[in-house]
Amino acid sequence: MGASTSDAKSATGSGSGRVARAGRATARALRRPPAALARRVRRATHAQGAGESGLGKLIELHAVHSAGDMLITMALASTIFFSVPTGEARGRVALYLAVTMAPFVLLAPVIGPLLDRVPHGRRAAMAAALLARGCLALVIAGAIASGASLELYPAALGVMVASKAYNIVRAAVVPRLLPGQISLVKANARITLTGLISAGAAAPLGLGLNALGERYPLYAAFVITVAGAVMSFRLPHKVDLARGERTVHIEELARSRAERAERTKEQSRGRKLMAVGMDTPVLKALIANSSLRVLTGFLLFFLAFLLREHGLSGLSPAFSLAMVGLAAGAGNALGNLLGSWLRDRAPEAILVMMMVLALASSVAAVVAYGAATVTAVSAVAGICQAMGKLSLDAIIQRDVPEVVRTSTFARSETVVQMAWVFGGAIAMALPLNGTLGMAVAAVVVVAGMIPTMGSLLSTARRGSPHPRVR
């Protein structure tokens, strides 16, 4: 009897041992693909010296920021636009355009100069922006639970302001982390592309959490953004200016402005100097990029209303809208991918190529309006917006002195957002005629090409392919 009991215990023990071993093997098998993917992503983000310079850590931080951003966006997403008549939808879109401009009222005149005055705390500024977004996500979750719209809208605007504040500081510090093997355009593209991948990976998580309740994506966003705030302090110390550097930069900027003003006086005796640097590559790039943003804002809203009422030839309105939207999103992703792969080129030359490409696709849609050309226009607009923004950021990072770089980014973000809103406003004022809309799109691009093309080409010929940083 004792022997049989012992044998039974032994068999039970060996059986439970096999189950435990099988469980551990299954856990290892499940962990292996994500771990392999994480290693591959880390190799990509740390390639070409990005790991040693600290750029890899900034890319990883931006991936965390983008994941939290996606969860908050999904929590706030609504299908109201598609559930109301077109006339009422136009009013709602007009309100949305006005609301999107609200954060930029503070961004350029207040937040940008404020961040320029705290160059010793850039890591802390990014951490504060991320932490503020996380806390506001909790406020939004509470407002959704209680149905208190009074708290919801100010919190949503606060999320937008904090997100833009993070982005302008992040853009301003890239030159300090730039390895010698990577151009500014490539670095910006690598950061943006990683953010898009991270946002795409977070989308299924957001959908799953939203199925449990509207608040759960916001709770997850809080956790992710707090993690991002901690990661901000993992960035190298060189992200922050040393105590004496700001004084040196201010003195260099003052000398540069004085020399430029003197040269301008000598070249234009008797003519009043309107503003320093009004004919700089930065201004020309901003005008060119703004025309591309007007184009994307116009196409987004014009095609949304047009295709909702009149589908493309042979296609239903819903399918037409989905196809065009997918093309625009794919174009934006492709633009960032091309930016990370593109051989070192002057950013001015890239901007010129994007405007020519946008004009060609718009003219083709005017000549032969149809499903193929409209889809092509949407895809090209996405590519051009992405590449144009990468080029503008690279020019600012290259040519603008560090002491005013953050406020310059704030102003440029404000201008391009105004351009996007202006494009949406044009779309709502037009009748729903496809050929007319494509003609307007072509005119928008030409309006940006005329004052900038010659200057950008001249600067591209004079400049080096690898942007200089100062």
Side-chain angles (χ1 to χ4, degrees), residues 40-41 43-50 55-56 58-59 62-63 66 167 170-171 174 178-179 181-201 281 285-286 288-293 295-296 299-300 324-362 364 372-373 375-398 416 420 441 445 448-449 452-453 456-457 459-460 463-467:
R40 185 170 296 180
V41 170
R43 279 199 301 272
T45 58
H46 285 62
Q48 295 179 291
L55 180 64
L58 181 63
I59 293 173
H62 188 65
S66 299
N167 277 310
R170 187 262 303 162
V174 169
L178 189 71
Q181 304 96 306
I182 303 178
S183 68
L184 284 167
V185 173
K186 281 189 176 183
N188 292 329
R190 188 177 292 185
I191 293 169
T192 305
L193 184 61
T194 306
L196 289 174
I197 294 172
S198 176
L286 183 58
N289 194 69
S290 295
S291 71
L292 295 175
R293 290 302 292 269
L295 174 67
T296 54
L299 289 176
L300 172 66
V324 169
L326 182 62
N332 188 272
L334 180 59
N336 285 288
L337 187 61
L338 289 173
S340 65
W341 283 350
L342 195 67
R343 296 182 64 179
D344 290 345
R345 301 280 183 188
E348 291 87 355
I350 296 173
L351 261 175
V352 170
M353 287 189 288
M354 291 303 103
M355 287 193 292
V356 171
L357 183 60
L359 179 61
S361 65
S362 301
T373 53
T375 303
V377 167
S378 299
V380 166
I383 294 172
C384 293
Q385 174 180 309
M387 295 288 285
K389 184 63 168 63
L390 296 175
S391 301
L392 173 62
D393 286 355
I395 293 170
I396 293 173
Q397 289 161 344
R398 180 194 70 190
V416 296
W420 185 82
V445 180
M449 294 176 72
T452 62
M453 181 74 80
L456 290 173
L457 285 173
T459 304
S464 61
H466 189 91

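Every value quoted in this text rests on a predicted model; they were computed, and no experiment measured them.
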Nearest heavy atoms of [X] and [Y], plus distance in Å:
| X | Y | result |
| --- | --- | --- |
| Leu456 | Ala285 | CD2-N, 4.1 Å |
| Val380 | Ser361 | CG1-OG, 3.6 Å |
| Ser198 | Ala63 | OG-O, 2.5 Å |
| Leu292 | Cys384 | CD1-O, 3.6 Å |
| Thr375 | Ala327 | CG2-CB, 3.5 Å |
| Ala358 | Leu295 | CB-CD2, 3.9 Å |

Query raised in the report: Mind checking what makes side-chain hydrogen bond (donor to acceptor under 3.5 Å, both in side chains) contact with Thr296, not counting sequence neighbours?
Result: Gln385
Query - Sequence-distant partners of Arg293, side-chain hydrogen bond (donor to acceptor under 3.5 Å, both in side chains), two or more places apart - result: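 For Arg293, no residue satisfies side-chain hydrogen bond (donor to acceptor under 3.5 Å, both in side chains) once neighbours in sequence are set aside.
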Query - Stepwise side-chain contact (heavy atoms from CB on, under 4.5 Å) check, Asn167 with His62 - result: CA-CA 9 Å; Asn167 277 310; His62 188 65; 3.7 Å; yes
First locate atom [atom1] of [X], then atom [atom2] of [Y], and finally report the distance between them rounded to the nearest 0.5 Å.
| X | Y | atom1 | atom2 | value |
| --- | --- | --- | --- | --- |
| Ile350 | Leu390 | CD1 | CG | 8.0 Å |
| Ile396 | Leu184 | CD1 | CG | 11.5 Å |
| Leu299 | Ser378 | CG | OG | 6.0 Å |

Applying side-chain contact (heavy atoms from CB on, under 4.5 Å), can you list everything that pairs with [X], at least two apart in sequence or on another chain?
| X | answer |
| --- | --- |
| Ser291 | Met355 |
| Ile197 | Leu193 |
| Leu300 | Trp420 |
| Leu457 | Val352, Met453, Arg461 |

Query raised in the report: Any sub-3.5 Å donor-acceptor pair from Gln397's side-chain atoms to Ala171's backbone N or O?
Result: yes
Report task. Measure from the side-chain N and O atoms of Asn336 to the backbone N and O of Asn332, and report whether any donor-acceptor pair falls under 3.5 Å. Result -> yes
Would you say the side chain of [Y] lies within less than 4.5 Å of the side chain of [X], judging by non-hydrogen atoms?
| X | Y | value |
| --- | --- | --- |
| Met354 | Ser391 | no |
| Val185 | Met387 | no |
| Arg170 | Ile191 | yes |
| Lys389 | Thr192 | no |
| Leu286 | Ser290 | yes |
| Thr459 | Ile395 | no |

Requested in this report: I would like to know whether Thr452 and Leu351 meet side-chain contact (heavy atoms from CB on, under 4.5 Å); could you show each step before the answer?
Outcome: CA-CA 10 Å; Thr452 62; Leu351 261 175; over 6 Å; no
